[in-house]
Structures are given as C-alpha cells and as structure tokens.
A.B. asks: 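Got a structure here, written out as structure tokens. Questions coming.
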Number of protein chains: 2
Amino acid sequence: MTNWFVTKNGDLKSRWVAAFPDAQAALDLNIESRIKADDIIWLATSVQVWPELTQRLVAKGVTVVILSYAPNDREALKALDQGARGYVHTLAAVDVLKQVALVVANQGVWVGQELLSKVLGGSFKALQQRTEQGARPTAECLSLLTEREQSVAIAVTSGAANKEVARQLDITERTVKAHLSAIFKKLGVRDRLQLILKLANNDYRLNP
Amino acid sequence: MTNWFVTKNGDLKSRWVAAFPDAQAALDLNIESRIKADDIIWLATSVQVWPELTQRLVAKGVTVVILSYAPNDREALKALDQGARGYVHTLAAVDVLKQVALVVANQGVWVGQELLSKVLGGSFKALQQRTEQGARPTAECLSLLTEREQSVAIAVTSGAANKEVARQLDITERTVKAHLSAIFKKLGVRDRLQLILKLANNDYRLNP
DNA sequence: AAAAATACTGTACCGTTGGACAGAATATAA
DNA sequence: TTATATTCTGTCCAACGGTACAGTATTTTT
C-alpha cells in the first residue's frame, strides 16, 4: 500500500512524510499507470482537474482523499459525490492524516466533524424537501430569525462579544443572551462559532 | 472503552461478543447514566425511540452506530442526520463490526459503500447551482505560524472547541491553549472569533 | 557550548458564555 | 378576548476561554 500525494507542483510536505514514510509525490499526469488498487491517493484541489481525476481513479477502485486549503461544504459534497472517501485540510496535522488513512482504508468516510453534520444534514433536509413538499430554500438562515435576532446575529458574526453587541444595540447583555439562545435554537447551532460558520458558509454579505 | 448493544429486548448476540469481548447489553432506558464519552453505542432500530435516543447520546459526545435489519437510504440518512457515526446491518459479520468500530472510533463515518454514493449523489445536485469560490489568501497568515500552531488554528477555524482540538491532535487542552495564545499574539487577534474572521476571508470584517 | 525556538503539561485565576429557571410589556392574530 | 409572537430584563450557575505565572524536553540556530 502506497500513499501518493498529488499536487500542482508535485511537492511533498514534510508533514506528509512524517505521517507516511512511504509517501510519494506525483504530478497529475502520470500517476494513473503506476497505482495499485489498495493505494491511497491524496489529491489537492490546487490540481485543476481534481474532480475528473477523482472520478477516473475511483472507477479503478482506488481510494481517494481530497486535500483542500479552504474547506467548505460545497466542495466537500462535490468531492464525496465524485467518489472520494475523505476530505481534509491540506495542512492537517500528522495525527489527523494517520487517522484519515486508517478510516478510509477500512471503508470509512472522513470529512471532519463539523463538515459532516453540515454535509449530511444538508443532504438529509434536501431529500426531505424533495420527497415531502419541496420549496423553502435552505440558504435563508437569517430569514428564519426575527428582525432583532438578525441584528444580534450579524453583530455576533462580525466578531463582537455580548457586551459589545449590547452597547451597539443599546440593550443589556442579558437581552443579547436571550436573543442568542433563540438564534442558536432556531438555526440548530451550539454556539457563536458555529453560527459564524453557518452564516459565512452561506455566502452572506455582512459588512460590504 | 465499552461497546453497548441497545436492543428492544436487551439481548446480546453471540456475534457481538465475538467481535467485542467487552460487549454489554442494555435496554433503552438506563444506559444514559452509565456510559462514558469514549464508549460506542450500537443502537438497533427495533428500539422505537432510536432517533431521539441517538440525538441525546450524540449531544453527550458518545459515538453511536445504528443497527438495522432492513437498511435503506432514508433510514441511513436519518441516522446520520441525528448524529450517528455508523449505519450497518444488524446481522453484519464479526469482521465488519470490528471494521466499523475502528472507523467510527477514529472520527470516521461508516455507511456501506453503495449506500454512500446514493445518499450523497442526489443531494449534491441540489446544491450545484450556487456560486463557486476559489482558494483563499489564508495561507499568508498561516505561514506566520509553526506547523503545530497551524494545525490548531485550522481546527479552531473550523469551529472546534479546545477540548475537541485536543482530542483531534492527541494533546491536552492546556497545550491547545498554549498554542492558541501564541497564535493570537502572532496574528494580532484577541480571541478565536477574530481568528476565524481573519483566516476565513477578509471580505466581511467589522473591527480592524 | 550557549541561546533560541518548538512542543508539551501543570495550577490558578477571572472574565465570558450559554442555559436554567424566571418575569413583564407591547403588538398582532385567532 | 384569549393566544401567540416579539422584545426586554433579572439572578444563578456550570462550563468554557484566555492569561499568568510556572516548568521540562527536544531540536535548531548562533
């Protein structure tokens, strides 16, 4: 079993060698002839043709893990849709890389904990809508909130602490908390961090 | 680490004991008090309240695998949506069970290969018609950090709590804090919120 | 050989956060 | 008119986040 790292430049990061002493660097062109069925291909999204390449490799029965510098749910979904078994940050730590390798080598899927819920949760809701009633765009997170809650959400999403939000909106910190609790509940997130990620990932323009 | 098998009748199949000598049977009522965070709960869909139970267990940080006598896409999606990490046939072979345990214990997802493509294939197209975004100037900020600091930064930026980062990188929470302090100082941000905003795209930032 | 950087862990402290209870005023809808 | 939704406020408390001291071990640089 060999770990191939396919990047635009064909470079091999020290992190990768540390994780897999057998790691091999490769350009996107000439790998397809040299791989074996139980190899793992770590394919960076800097390679323009990564979706097509993934498809071809997967068709041959090769395990593919996609490496991305800027992970997002759309790209993750695309990667998995093309047949990749993993989707992980290009700069992931050695321990994480090993873990990913272990998982995908055993027929598992690795997408990172926070992406998982988003990717699968999204697909579940999408399927629910199609089979049940349809309509309702999932992107409109903010529209689920009241006007005041939207104000709080936007302030928080721009990095403000509760105290700062309170000052901005001229209310007490307690009220900010109350709005936030409602926001978390409505959007199904656990804290302000997840809120930021949820809104940021849906391409909301916060402060142009 | 303990493997709990939760069924309607509280029975424990010999196959399960063969796979995990430490296997424990349980009814749906009284498990929640006795489980530890790194336990694996194998929950049969014969238990009527399995979705709600899954949700509660997952909220506590427990790894849940759903066992179904008649696997299908819809049930699989629901299981994963509730936070389960695995979905497998109740009568799965010993080797498969071991493999599933290995995968989910390492933050992976196990759903069976043919189910995965079906599940993800459809939902991807639903999200297809949305704007694609290219790679980010995030790398410049990251290059100021040491390798380990980068790993921590990435984990935090994806929404993980200190405790989760610690588990991912297999270090203590204290060490995560140490790295974070260094990161904040180097990048000139006051907390993880500002770090997210700094790394995630400087498009929408409020307080420079 | 000495210094600096890196990685890791410990205890203690304190501010922040979010939930658990709560309650109250106003406006809109049934 | 009784609900329901929205907005606002209160106290208490457990968990989390970040800093201030600390320290040790290893590697790299000077």
Side-chain angles (χ1 to χ4, degrees), chain A residues 13-15 17-19 91-98 113-114 142-198, chain B residues 36-37 55-56 59-62 142-199 207:
Chain A
K13 296 198 189 299
S14 62
R15 204 179 291 105
V17 182
L91 300 176
V94 172
D95 298 320
V96 175
L97 290 175
K98 287 182 182 172
Q113 45 203 13
E114 78 297 332
L142 280 178
S143 66
L144 293 175
L145 308 177
T146 69
E147 192 174 334
R148 207 56 169 161
E149 286 165 356
Q150 288 182 17
S151 304
V152 174
I154 291 172
V156 165
T157 307
S158 67
N162 287 347
K163 201 167 291 182
E164 296 169 332
V165 180
R167 201 166 40 233
Q168 275 179 37
L169 302 183
D170 196 34
I171 52 181
T172 60
E173 194 176 342
R174 176 64 188 87
T175 308
V176 175
K177 288 184 178 182
H179 287 309
L180 270 180
S181 290
I183 293 169
F184 295 156
K185 195 169 187 178
K186 283 184 180 177
L187 299 189
V189 295
R190 70 160 184 248
D191 55 28
R192 61 213 296 122
L193 290 179
Q194 305 293 330
L195 176 65
I196 287 184
L197 295 175
K198 179 145 197 157
Chain B
K36 297 188 302 295
Q55 241 177 357
R56 284 204 303 279
K60 289 185 175 181
V62 183
L142 282 177
S143 65
L144 295 175
L145 308 177
T146 68
E147 192 170 329
R148 207 56 169 160
E149 286 164 357
Q150 289 181 15
S151 303
V152 174
I154 290 165
V156 165
T157 306
S158 68
N162 287 344
K163 201 166 292 183
E164 295 169 331
V165 179
R167 205 168 34 229
Q168 269 182 42
L169 303 184
D170 196 34
I171 53 180
T172 61
E173 195 177 341
R174 176 64 188 87
T175 307
V176 175
K177 288 183 176 184
H179 286 309
L180 270 179
S181 290
I183 293 170
F184 295 155
K185 194 169 187 178
K186 284 184 179 177
L187 299 188
V189 294
R190 71 159 183 249
D191 55 27
R192 63 212 292 118
L193 290 178
Q194 305 295 329
L195 175 65
I196 287 184
L197 295 177
K198 179 142 197 157
L199 292 187
N207 308 314

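Predicted, not measured: the structure shown is a model, and the values here were computed from it. Chain naming here is simple, since letters A, B, ... match the order of the sequence lines and numbering starts at 1 in each.
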A.B. asks: With sugar-phosphate meaning primed atoms plus P, OP1 and OP2, does Arg148(A) contact a base, only sugar-phosphate, or nothing at under 4.0 Å between heavy atoms?
C.D. replies: sugar-phosphate
A.B. asks: What's the closest nucleotide to the Arg174(B) side chain, out of dC16(D), dA22(D), dT6(D)?
C.D. replies: dA22(D)
A.B. asks: Taking atom C1' of dG18(C) as reference, at what distance in whole Å does atom NZ of Lys163(A) sit?
C.D. replies: 15 Å
A.B. asks: I'd like to know if the side chain of Gln168(B) and the backbone of Val96(A) have a donor-acceptor N/O pair within less than 3.5 Å.
C.D. replies: no
A.B. asks: What integer distance in Å separates Lys177(B):NZ from dT16(C):C1'?
C.D. replies: 12 Å
A.B. asks: Any donor and acceptor pair, going by atom type alone, linking the side chain of Gln194(B) with main-chain N or O of Asp191(B) inside 3.5 Å?
C.D. replies: no
A.B. asks: What nucleotide, of dC8(D), dG18(C), dG19(C), holds the atom closest to the side chain of Asn162(A)?
C.D. replies: dG18(C)
A.B. asks: Measure the distance from CD on Glu173(A) to P on dC12(D) and round it to the nearest whole Å.
C.D. replies: 16 Å
A.B. asks: Would you check if Leu169(B) and Arg148(B) make a side-chain contact, meaning some heavy-atom pair closer than 4.5 Å?
C.D. replies: yes
A.B. asks: Looking at Val156(B), Leu193(B), Thr157(B), which one forms a side chain to side chain contact (heavy atoms under 4.5 Å, CB included) with Leu193(A)?
C.D. replies: Leu193(B)
A.B. asks: Within the structure shown, what part of the strands sits under 4.0 Å from Ala161(B) by heavy-atom distance: base, sugar-phosphate, or nothing?
C.D. replies: sugar-phosphate
A.B. asks: Looking only at side-chain atoms of His179(A), point me to the closest of dT7(D), dG18(D), dT9(C).
C.D. replies: dT7(D)
A.B. asks: Phe184(B) CZ to dT19(D) C1': how many Å, rounded?
C.D. replies: 11 Å
A.B. asks: Expressed as a whole number of angstroms, how long is the span from Gln194(A):CD to dG19(C):P?
C.D. replies: 13 Å
A.B. asks: Want to settle it: does Leu180(A) or Thr175(B) sit nearer the 5' end of DNA chain C, counting the closest nucleotide to each?
C.D. replies: Thr175(B)
A.B. asks: Rounded to whole angstroms, how far apart are CD1 on Ile183(B) and P on dG18(D)?
C.D. replies: 10 Å
A.B. asks: Using five pairs at either end of the helix from dA1(C)-dT30(D) to dA30(C)-dT1(D), determine the angle between the two local helix axes and round it to 10 degrees.
C.D. replies: 40°
A.B. asks: From the list dA7(C), dG10(C), dT6(D), which nucleotide is the closest neighbour of the side chain of Glu147(B)?
C.D. replies: dA7(C)
A.B. asks: Send over the distance from Asp170(A) CG to dT9(D) C1', rounded to a whole Å.
C.D. replies: 14 Å
A.B. asks: Measuring from the side chain of Thr146(B) (C-beta onward, heavy atoms only), which nucleotide among dT9(D), dG18(D), dA7(C) has the closest atom?
C.D. replies: dA7(C)
A.B. asks: To the side chain of Ser181(B), which of dC16(D), dG19(C), dT19(D) is closest?
C.D. replies: dT19(D)
A.B. asks: What's the CG-C1' distance between Leu144(A) and dT6(D), to the nearest Å?
C.D. replies: 16 Å
A.B. asks: As a test of reading the structure: which of dG10(D), dT9(C), dG17(D) is closest to the side chain of Ala178(B), going by heavy atoms?
C.D. replies: dT9(C)
